[in-house]
Amino acid sequence: MFSREYIMTPGPTPIPERIIKAITSKEALLPAYSKIYGEDLELVKKLVDADGKAIIIGGGATVGLEATLASLIDFKDKVLVLSAGFFGDALYKMVKYYSNNVYVLRAEAGKTVSVSEIKKFLNEHPDTKFVALTHCETTTGALFNLEEISEVVREISDAKIIVDCVSTVGAVPISLRKGHADAVIFGVQKVLNMPPGLAVIVLGNNALEVLETRQCEGYYLNLKMWLNFWEERGYLPSTPPVNLLHGLKEAINIIFEEGLENVFKRHKKVSEIIRAYLKELGLRLVIENDNIASPTITAFYLPKGVSDKLFIEHLWSKFKVLLAKTYGDLEGKAIRIGHMGSSATMDYVYITLIAITLTLKNLNLVPSLRHIPVEYFTF
Ligand SMILES: Cc1ncc(COP(=O)(O)O)c(C=O)c1O
């Protein structure tokens with residue numbers, strides 16, 4: 001009955017025609033990559049407002065995260081990890097492979113770690129070398145406030161800030177130049193609407209200074225090696241997925257053509273409409289407070305008596321709308337709408353909200369619902 005699919009998962013996101021063309025073009029299928037790699041490095045730095053240097057590695061975003069930790073952290077360095085759920089916990093686990101002096105501040109599902117807790121920790125541990133966090137906890141949609149956190153970290157300590165920006169880059173303002181972070185890591189299959197396969201690392205000048213002093217070991221996860229190969233020889237220690245490098249240039253150009261500020265505004269607006277509408281339907285959002293809501297993901301608790309599997313299957317089979325289950329503390333209790341990049345548009349959002357409304361009705365989950373609250377369908 002529905003003529004197309006609406007993929008509303010928190011990545012991979014729907015790939016625009018222009019990107020498909022770029023990754024399958026004749027040029028993208030040739031082996032040469034130096035020119036396009038160099039162009040991409042400048043574009044990714046622009047996306048996060050950075051001086052410093054970028055590295056692009058073939059693999060999932062996780063390879064970028066692990067390479068950054070492996071390259072910057074010395075085994076004796078004290079590291080504070082801020083976790084708001086599944087991906088923050090994964091970051092904590094990863095850091096433990098590279099430091100034996102790791103602490104974690106863990107927020108309950110739907111919350112972030114408060115600035116006062118971070119302040120208290122740093123005052124008690126002024127020798128903290130790194131603070132690592134996940135900008136948006138993709139399993140709950142909770143967003144850490146990087147401006148506030150970086151201000152406190154800089155005020156109290158010399159700690160460098162490492163941020164997993166996998167589900168925010170391109171949708172939430174991030175500026176290395178303004179000091180929001182010293183190292184950011186992201187994949188390309190979220191807001192950038194690419195197929196998965198590239199990990200991007202951007203190191204600000206503070207992180208580069210640390211890297212200088214480090215005796216990095218390992219090969220594929222050694223960022224010094226990647227930078228040295230590129231800067232001294234003009235090629236990389238491992239063959240990159242060349243066609244994806246071509247796609248990445250197109251993906252970032254699409255964003256700059258719309259205007260980065262406009263893209264931020266679009267994500268914010270779409271997420272506000274989704275949250276207001278879900279509340280109107282009587283659904284409970286996972287995040288406790290709108291001021292920590294990520295503009296890219298909204299998670300909501302399922303009404304009593306329905307499984308995530310049934311709800312998601314109904315949405316898919318009847319309306320071709322694909323939402324995502326969640327993981328960690330909320331697995332089975334909540335589901336997620338991804339609204340990022342090409343799915344952060346009103347056509348995707350209208351269909352999704354109507355499909356959720358009708359699913360609630362079809363499954364007899366909201367007996368009191370008499371009308372679709374159309375007043376939210378304005379943009
Ligand atoms: C916040 C966050 N970090 C890390 C990852 C892992 O990324 P990848 O699957 O590309 O390795 C994800 C994936 O969804 C994520 O959302």
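Ligands are counted one by one from 1 in listed order, and the atoms in each one are counted from 1 as well.
Using cut-offs of 30° and 60° for the angle between ring planes, the Phe121 and His125 rings count as parallel.
Residue Ile36 holds its CD1 atom at 5.0 Å from NZ of Lys249, rounded to the nearest 0.5 Å. Taken to the nearest 0.5 Å, the CD1 atom of Ile252 stands 6.5 Å off from the CZ atom of Phe256.
Taking every heavy atom of Ala61 and a limit of under 4.0 angstrom, the matching atoms of ligand 1 come to 7 (O), 8 (P), 10 (O), 11 (O). Those atoms of ligand 1 that come under 4.0 Å of a heavy atom in Gly60, given as number and element, are 10 (O), 11 (O). The distance from ligand 1 to the heavy atoms of Thr138 drops below 4.0 Å at these ligand atoms: 1 (C), 2 (C), 15 (C), 16 (O). Each of the following atoms of ligand 1 lies closer than 4.0 Å to a heavy atom of Cys136: 1 (C).
Considering backbone and side-chain atoms alike, Thr134 places every N or O at 3.5 Å or more from each N or O of ligand 1.
Side-chain contact check for Ile56 versus Trp226: every heavy-atom pair is 4.5 Å or farther apart.
For the residue pair Asp347 / Thr345, a side-chain donor-acceptor distance below 3.5 Å is found, with atom types taken as modelled. No hydrogens or angles considered: a donor-acceptor pair under 3.5 Å links the side chains of Tyr277 and Thr357. If you check the side chains of Glu66 and Tyr97, you find no donor sitting under 3.5 Å from an acceptor. No hydrogens or angles considered: a donor-acceptor pair under 3.5 Å links the side chains of Thr138 and Ser167.
Counting heavy atoms under 4.0 Å from ligand 1, residue Lys190 touches it through the side chain alone. Contacts of Glu137 with ligand 1, taken as heavy-atom pairs under 4.0 Å, are absent altogether.
When the heavy-atom distances from atom 2 (C) of ligand 1 to Asp164, Thr296, Ile185, Leu91 are ranked, the shortest goes to Asp164.
The shortest contact between atom 12 (C) of ligand 1 and any protein heavy atom is with Phe87 CE2, 3.3 Å. Taking atom 9 (O) of ligand 1 as the reference point, the nearest protein heavy-atom neighbour is Gln189 NE2, 4.0 Å. Thr62 OG1, 2.5 Å is the protein heavy atom nearest to atom 11 (O) of ligand 1.
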